[in-house]
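Read the structure below first, then the notes.
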Amino acid sequence: MSWIVVEARPDGGASLHELADDADVPGMPILPLEVVSRVEVPEADLPAELAAREASHPRWVLDDTAARYPALLAAGVGLERCHDLRLCHAILRMSAACAGSVLATSPPGPWDAPPDHDAWHEPDEVAAIPTLFDAVDEAGDGVGVSPVGGPAGVDEPPDLLAELALQLDAVAGSAGPGGLRLLLAAESTGALIAAEIAHDGLPWDVAEHDRVLTALLGPRPAPGRRPAVLEELATRVRTTLDAPDLNPDSQPHLLQALRRAGLDVASTSRYEISAQRHPVVEPLLAYKKLARLLSANGWTWLDTWVHDGRYRPDYVVGGVVTGRWASRGSGALQLPAQVRSAVRADPGWALVVADAAQLEPRVLAAMSGDGAMAAAARGADLYQGLVDAGAVATRKEAKIGMLGAIYGGTTGVSGAVMPRLSAAFPRAIGLVESAARAGERGEVVSTWLGRSSPPPGERWWAARAAGTGEGADPADAADARRRARDWGRFTRNFVVQGTAAEWALCWLAALRRRLRDLPGRPHLVYFLHDEVVVHSPVEVAPVVADAVRAAAGEAGRLLFGDGPVEFPLDVSVVDSYDKAG
DNA sequence: AGAGGTCGCGCC
DNA sequence: AGGGCGCGACCTCT
């Protein structure tokens, strides 16, 4: 076996050597060739901005970035670019653009198996993440370097270069090779970024978080006890409902007590309760709000997820069917506004917080080529632009109408505004309507770069068969229609949400590259669908803010060329996250 | 005791 | 009367 040796350079890059199998190089991380290879990827059809770099920079081919890269980072090695075979395989298997390829038509193989997280970590080891030296020591029997898809030593290790060849073939023969290449590059860079964010961590002020909790809930109680403020609210709820033994955390009992007290509710949801006029509403809603804070982001969360002043989100790149990232364990994508003041830059550092304004409607305008909507999106406020264009009367109508168009809203204000939007912006609305109709027929839809939606499952087709035709039971027919509409809402949203996710990935990747050129090592510390946070030395922060904007422009050009749609950002330089925006 | 389902709600 | 998620609490079933 030959080995690739990755050697950290002082400038933060890495160099590599190929070694004989008995080589022993103390202090250097070593990976077997089957796990990581340096490969030059053909650059045909890449946008010019990428192609120039593609020619001169190596792209590391990894079987699974999430499994390999943390150890590299721990050893002080950063990779500039990679091709993640696992993530790219998943995209290409599903993509309608290469449905006829060998890759897509082969029976399921090891690259289709879900990643085995247990194989990455040795729970009994002191270090949660195995070091590369562990991998080398145990490589002889496969432990620690087990490939994706099967127990070590049982299956043949997947052949990385063979898989790469299949993937490149699938792309080259596809209907949209340029888009897919960009998508695969962006997805893979996302995998690098997710690991880098986990490595660096989001700076977190535990004392400030504790202050917030104490101010809202009272001092931290003994384990198993309610904080004083919550207990007080619970008592008020019990008294008001005349239910002395009520546990307000129990939905069935709470619903029972509410109905007995005369409230007209069918559930205990905040929405229903807030519509009632009753003295219990105020303390109960306050209770629910604070109980949520305590259970989701209270002291237990703090103890579990924040260490040494850093919160380390565990992102799952490609974890959502649309291409959005998911997260694992700590609710990284649901940090409530209440605790954002605890996200605090280190002394001498700042947070550069940026979010893309009305990203999804802008993406829809760009991908549909709707000139009228693009013109309305010229300013910083797209919704006001729709009003100024005369399409709708108020900004509120514009917002609800656009969200309805993207999410599939048909009732209320949303449904009422749709005909006017459709008349004013026929291509944009036509695109989402067409995606909805395709989904209702059970067809696959695709994003701008070529990520495809999953087809409906067996139950969907069975329900459709049962509900279609002359003699169908009316109940079956109604069920089939409902399922069709539901799936149409999913595919309608898929094309927009998925393309927005692609824009965001390109934005992240472009930003990361720009940050590498700046002094002081400003680095990404958080990502949330259409928002990024960069931790930066204070004196570099203004340049970082420029880089974030420039990266947004680059993302727009990468996806849509020099089209008319702009992607403005709201950028803030702050010392804590709550001050952004 | 533990697994799995439902609800409710946080984020976009 | 919307799309996508993850998580904790409770509850039920095994």
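So you know, we letter chains A, B, ... as the sequences are listed, proteins then strands, and number each from 1.
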Evaluate the ring planes of A:Trp301 and A:Trp204, with Trp represented by its six-membered ring, and classify them as parallel (under 30°), tilted (30 to 60°) or perpendicular (over 60°). tilted
Identify, residue by residue, the members of residues 258-271 of chain A with a heavy atom below 4.0 Å from DNA chain B, and return them in order of residue number, or none. A:Ser267, A:Thr268, A:Ser269, A:Arg270
Just call it for A:Leu403: base, sugar-phosphate, or nothing, with non-hydrogen atoms closer than 4.0 Å on any strand. nothing
Separation of B:dC12 P from A:Arg362 CZ (nearest whole Å): 17 Å
Per A:Gln497 side chain, nearest of listed nucleotides C:dC11, B:dC11, C:dG3: C:dG3
Which part of the nucleic acid, if any, lies within reach of A:Arg340 when heavy atoms closer than 4.0 Å are counted: base, sugar-phosphate only, or nothing? sugar-phosphate
Taking any heavy-atom pair under 4.0 Å as a contact, classify A:Val496: base, sugar-phosphate, or nothing. nothing
Between A:Glu531 and A:Tyr526, do the side chains contain a donor N or O and an acceptor N or O under 3.5 Å apart? no
Taking the minimum atom-to-atom distance to the side chain of A:Lys288, which one of B:dG8, C:dG6, C:dG4 wins? B:dG8
If only atom types and distance count, is the side chain of A:Arg86 paired as donor or acceptor with the main-chain N or O of A:Asp64 below 3.5 Å? no
Between A:Ser414 and A:Ser330, which is nearer to the 5' end of DNA chain C once each is assigned its nearest nucleotide? A:Ser414
By nearest atom, which of the nucleotides C:dC10, B:dC12, C:dG3 is closest to the A:Ser250 side chain? C:dC10
Base, sugar-phosphate, or nothing: which does A:Ala337 touch, judged by heavy atoms less than 4.0 Å apart? sugar-phosphate
Please identify each residue that fulfils salt bridge (Lys or Arg N to Asp or Glu O under 4.0 Å) with A:Arg437, with sequence neighbours left out. A:Glu433, A:Glu440
So what does A:Gly331 touch, heavy atoms closer than 4.0 Å: a base, only the sugar-phosphate, or nothing? sugar-phosphate
What does A:Ala296 touch in the nucleic acid at a heavy-atom separation under 4.0 angstrom: a base, only the sugar-phosphate, or nothing? nothing
Measure from the side-chain heavy atoms of A:Glu531 and tell me the nearest of B:dC12, C:dG8, C:dC5. B:dC12
Quick one: does A:Ser274's side chain have a donor or acceptor within less than 3.5 Å of a partner on A:Arg270's backbone? yes
Classify the nucleic acid contact of A:Asn247 as base, sugar-phosphate or nothing, counting any heavy atom under 4.0 Å across all strands shown. sugar-phosphate
Counting the atoms with a prime plus P, OP1 and OP2 as sugar-phosphate, which does A:Arg489 contact under 4.0 Å by heavy atoms, base, sugar-phosphate, or nothing? sugar-phosphate
Atom-to-atom span, CG of A:Leu246 to P of C:dC10 - whole angstrom: 12 Å
Rounded to the nearest angstrom, tell me the gap between atom CD in A:Glu272 and atom P in C:dA1. 11 Å
For DNA chain C, whose closest nucleotide is more 5', that of A:Phe490 or that of A:Thr411? A:Thr411
